[in-house]
2 protein chains.
Amino acid sequence: MGLTKTEKFTDLQNQIADFAKVFGHPARVAILEHLFQLNSCVCGDLVKEIGLAQPTISQHLKELKKLNLIKGNISGTSVCYCINSEKWTSMKTVMEQFLNQDLKNLNCC
Amino acid sequence: MGLTKTEKFTDLQNQIADFAKVFGHPARVAILEHLFQLNSCVCGDLVKEIGLAQPTISQHLKELKKLNLIKGNISGTSVCYCINSEKWTSMKTVMEQFLNQDLKNLNCC
DNA sequence: TTACTATATTGCAATATTACGATTAATAAA
DNA sequence: TTTATTAATCGTAATATTGCAATATAGTAA
């Protein structure tokens with residue numbers, strides 16, 4: 001049916017999946033890496049940088065904004081984007097807890 | 001067009017996106033958590049545990065196997081699944097490098 | 001052999017995602 | 001005001017994902 005049955009899972013499981021989903025496209029990974037590399041707001045040049053059409057980039061930015069991972073400040077005709085540090089940190093806590101599950105006691109057949 | 005333009009991105013960006021994508025569904029998160037919690041192979045009871053139909057679970061397992069994050073050992077009529085520790089560890093390295101980007105120097109407008 | 005059990009595969013319907021041209025909205029500059 | 005610039009939104013086509021019923025496959029047990 002193409003519709004995820006979120007009600008079958010815990011809030012945390014859905015939250016992990018939501019964060020992971022937004023990282024599940026290389027354009028969004030590239031956008032985030034670019035924002036980190038510049039250490040400041042990025043005003044405008046994302047379209048040139050990433051190499052996809054302007055509406056496509058805008059759509060990817062929208063998904064990152066939806067999860068609050070980035071902030072956009074209007075500055076004249078352009079919009080300046082940057083990482084939302086607080087949200088990034090709390091997201092990282094959730095994701096790392098998932099990634100850091102204990103491997104030591106695993107005994108498989 | 002519904003087709004990700006992977007050629008526009010680096011191998012690492014695509015790799016991060018591929019790992020993230022597989023974690024981007026709560027059923028797969030739940031399956032992995034279950035495998036970790038039991039600390040051993042899981043033979044059979046995943047369908048009951050997760051609460052989706054058998055073909056649906058089988059499909060999710062297939063995607064986890066495709067990325068080598070789990071191993072499946074045939075044992076009679078059932079198949080025993082467990083985390084692939086080596087792959088999990090290398091995946092974690094990639095993902096944590098992405099998550100742990102430096103937030104200190106970020107100065108936004 | 002036949003019957004049973006467990007998992008995989010197939011086929012399909014419903015929904016989601018990706019990408020972009022065209023348009024719109026909002027501000028800046030002339 | 002007019003024109004240019006920038007980003008968001010709309011509309012749409014192509015493809016991907018999710019979920020499951022039906023079926024196939026493979027092993028076990030009688």
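In the text below, chain A, chain B and the rest are named by the order of the sequence lines, each starting its count at 1.
- Rounding to whole angstrom units, NE2 of residue H25(B) and P of dA16(D) are separated by 18 Å.
- Put simply, CD on Q54(B) and CD1 on I57(B) are 9.0 Å apart, with the number rounded to the nearest 0.5 Å.
- Donor-acceptor pairing under 3.5 Å is lacking for the side chains of Q101(A) and E33(B).
- Taking atom CG of D18(B) as the reference point, atom P of dT17(C) lies 17 Å away to the nearest angstrom.
- Closest to the S78(A) side chain, of the nucleotides dC20(C), dA8(C), dT6(D), is dT6(D).
- The side chain of V79(A) lies closest to dA8(D), out of dA8(C), dA8(D), dT18(C).
- Of the listed nucleotides (dA19(C), dC20(D), dT18(D)), dC20(D) has the atom at the smallest distance from the side chain of L52(B).
- If you find the closest nucleotide of DNA chain C to G24(A) and to K62(B), the one lying nearer the 5' end belongs to K62(B).
- Looking at which nucleotide of DNA chain D each of T56(B) and S58(A) is closest to, the 5′-most match is held by S58(A).
- E7(B) places its CD atom 15 Å from the P atom of dT18(C), with the value rounded to the nearest Å.
- Between H60(B) and dT17(D) there is no side-chain N or O to OP1 or OP2 distance below 4.0 Å.
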Reading 5' to 3' through nucleotides 21-30 of chain D, protein heavy-atom contacts under 4.0 Å coded B for base, S for sugar-phosphate only, - for none: BB----B---
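- With sequence neighbours excluded, no residue forms a side chain to side chain contact (heavy atoms under 4.5 Å, CB included) with K66(B).
- When the nearest nucleotides of DNA chain D are assigned to T6(A) and K65(A) by heavy-atom distance, the more 5′-ward of the two goes with K65(A).
- Note: CG (L61(B)) to P (dA6(C)) measures 16 Å, nearest angstrom.
- Checked by atom type, the side-chain pair E86(B)/N68(B) shows no donor-acceptor distance below 3.5 Å.
- Atoms CG (L46(B)) and P (dA6(C)) sit 13 Å apart, rounded to a whole Å.
- Using a 4.5 Å cut-off on side-chain heavy atoms (C-beta onward), V79(B) and N73(B) make no contact.
- Contacts of E63(B) classified as salt bridge (charged side-chain N to carboxylate O under 4.0 Å, His left out), with partners at least two apart in sequence or in another chain: R28(B).
- Counting to the nearest Å, the P atom of dA8(C) and the NZ atom of K66(B) are 15 Å from each other.
- Using a 4.0 Å heavy-atom criterion, one finds that K21(B) contacts the sugar-phosphate atoms exclusively.
- One interatomic measurement links the two molecules: CD1 of I50(B) to C1' of dT7(C), which rounds to 16 Å at whole-angstrom precision.
- Classification of the H25(B)-H60(B) ring pair by plane angle, with boundaries at 30° and 60°, yields tilted.
- Atoms CD (E63(A)) and C1' (dT18(C)) sit 9 Å apart, rounded to a whole Å.
- Looking at the side chain of Y81(A), the nearest of the listed nucleotides dA8(C), dA8(D), dT18(D) is dA8(D).
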